[in-house]
Amino acid sequence: MNGFWFARGDAQAAVGVMKEAALWLSGRGMPLWTQEELDRLPGEHPADAFLVLYDDRRAAAAALLTFRDPLLWPDAPDGTSGFLHKLSVRRAYAGRGLALRLLTDAARVCEQEGMRYLRLDCDAKRTKLRALYLSAGFAFAGEKQAHTQTHGTVTAALYERALPAGAGTCGER
């Protein structure tokens, strides 16, 4: 994967990748995130929550990493988990392993922050995405129904990956 590099903190680039992915999914009859929802993200999260994988200077893949998820993981103790959201890859880079690379980079960030788990979720009907998470070493942790403003009640498949203990200092966020 020569030429690709990872960085935190570029909300504009991350949201741009997410918007492209959302448009592509919507065009295929699989709406996921609205443009308005994505536009709000930079005001709702600190800059370092935005993860971007670049190809030279172009954002190729992106995700949002938080350290709380009260909607789907309300019982996760504070300071133990990173929660990855909105994993997206530009269509021009599809099929090149960038989603797996970004999952690895997110796990590394969580380890550095002292987290014990990287957790994520997806629509339970998205079988290809679920298979990707399993292939990346995540364990299925169940399904949960949640009510969202955008999509009403959804069933989410939950996944988690244990991280090496004591990899960093336990950071409270």
Handout entry: side chain to side chain contact (heavy atoms under 4.5 Å, CB included) evaluation trace for Phe50 with Arg8
Key = CA-CA 6 Å; Phe50 295 90; Arg8 293 173 76 181; over 6 Å; no
Handout entry: Worked verdict on Leu103 versus Leu120 for side chain to side chain contact (heavy atoms under 4.5 Å, CB included)
Key = CA-CA 10 Å; Leu103 289 168; Leu120 45 78; 3.7 Å; yes
Practice task
Show your working on side chain to side chain contact (heavy atoms under 4.5 Å, CB included) between Lys144 and Trp73 and close with a plain yes or no.
Solution key: CA-CA 9 Å; Lys144 184 168 187 173; Trp73 298 88; over 6 Å; no
Exercise for the section: Please report the C-alpha distance between Asp121 and Asp69 in whole Å, then the side-chain angles of each, then the deciding distance to 0.1 Å, and finally whether the side chain to side chain contact (heavy atoms under 4.5 Å, CB included) criterion is met. Expected result: CA-CA 10 Å; Asp121 63 85; Asp69 186 342; 3.9 Å; yes
Practice task
Could you walk me through whether Asp39 and Lys19 pass salt bridge (Lys or Arg N to Asp or Glu O under 4.0 Å), step by step?
Solution key: CA-CA 9 Å; Asp39 283 337; Lys19 283 183 171 185; 2.4 Å; yes
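Taking hydrophobic clusters as Ile, Leu, Val, Met, Phe, Trp and Tyr residues chained together by side-chain heavy-atom distances below 4.5 Å, Leu87 shares a cluster with Leu98. If you chain together hydrophobic residues whose side chains sit under 4.5 Å apart, Leu84 and Leu53 fall into the same group. In the hydrophobic clustering of this structure, Leu118 groups with Leu100; members are Ile, Leu, Val, Met, Phe, Trp, Tyr whose side-chain heavy atoms approach within less than 4.5 Å, directly or through other members. A continuous path of ILVMFWY side-chain contacts below 4.5 Å connects Leu25 to Leu64, so both sit in one hydrophobic cluster. Criterion: ILVMFWY side-chain heavy atoms under 4.5 Å apart, direct or through other members. Under it, Leu102 and Phe4 are part of a common hydrophobic cluster.
Interatomic distance, Thr155 OG1 to Gln145 CD, rounded to the nearest 0.5 Å: 4.0 Å. To the nearest 0.5 Å, atoms CD (Gln35) and OG (Ser26) are separated by 8.5 Å. To the nearest 0.5 Å, atom OG1 of residue Thr104 and atom CZ of residue Phe6 are 10.5 Å apart. Atom CZ of residue Arg28 and atom CG of residue Leu23 lie 11.5 Å apart, to the nearest 0.5 angstrom.
Side-chain contact between Ser81 and Arg116 is absent, with no heavy atoms from C-beta onward closer than 4.5 Å. Put simply, the side chain of Met30 does not reach to within 4.5 Å of the side chain of Lys125, judged on heavy atoms. The shortest side-chain heavy-atom distance between Tyr133 and Glu160 does not fall under the 4.5 Å cut-off. The side-chain heavy atoms of Glu111 and Pro164, taken from C-beta on, include a pair separated by under 4.5 Å. Leu38 places none of its side-chain heavy atoms less than 4.5 Å from the side chain of Arg40. Two residues are said to be in side-chain contact when any heavy atoms from C-beta on lie closer than 4.5 Å; His45 and Leu65 fail this criterion. At least one side-chain heavy atom of Arg126 sits under 4.5 Å from a side-chain heavy atom of Leu32. Looking at Leu71 and His147, their side chains never come closer than 4.5 Å, going by heavy atoms from C-beta outward.
Screening Phe140, Phe138, Phe83 for a ring pair (Phe, Tyr, Trp, His ring centres under 6.0 Å) involving Tyr159 leaves a single residue, Phe140. Exactly one residue among Met18, Lys86, Glu44 makes a side chain to side chain contact (heavy atoms under 4.5 Å, CB included) with Glu37. That residue is Lys86.
Of all non-hydrogen atoms in Arg130 and Cys122, the two that sit nearest each other are CG-SG, 3.5 Å. Nearest heavy atom pair, residue Arg68 against residue Pro70, reads C-CD, 3.8 Å. In terms of heavy-atom proximity, Val89 sits nearest to Ala99 at CG2-N, 4.0 Å. Across every non-hydrogen atom of Arg161 and Ala136, the tightest pair is NH1-O, 2.7 Å. Of all heavy-atom pairs between Gly82 and Cys110, the closest is CA-SG, 3.6 Å.
Distance alone, capped at 3.5 Å, is enough to place a donor-acceptor pair between the Ser135 side chain and the Leu132 backbone.
Glu143 CD: more than 12 foreign heavy atoms inside a 6.0 Å radius. Within a 6.0 Å sphere centred on CZ of Arg91, other residues, nucleotides and ligands contribute more than 12 heavy atoms.
Note that Arg119 lies in the cation-pi zone of Tyr117, set by a 6.0 Å cut-off to the ring centre and a 45° limit from the axis.
Side-chain contact of His85 with Thr66: a donor-acceptor pair under 3.5 Å is present, judged by distance alone.
Using a cut-off of 4.0 Å between Lys/Arg side-chain N and Asp/Glu carboxylate O, Arg58 and Asp55 are scored as not salt-bridged.
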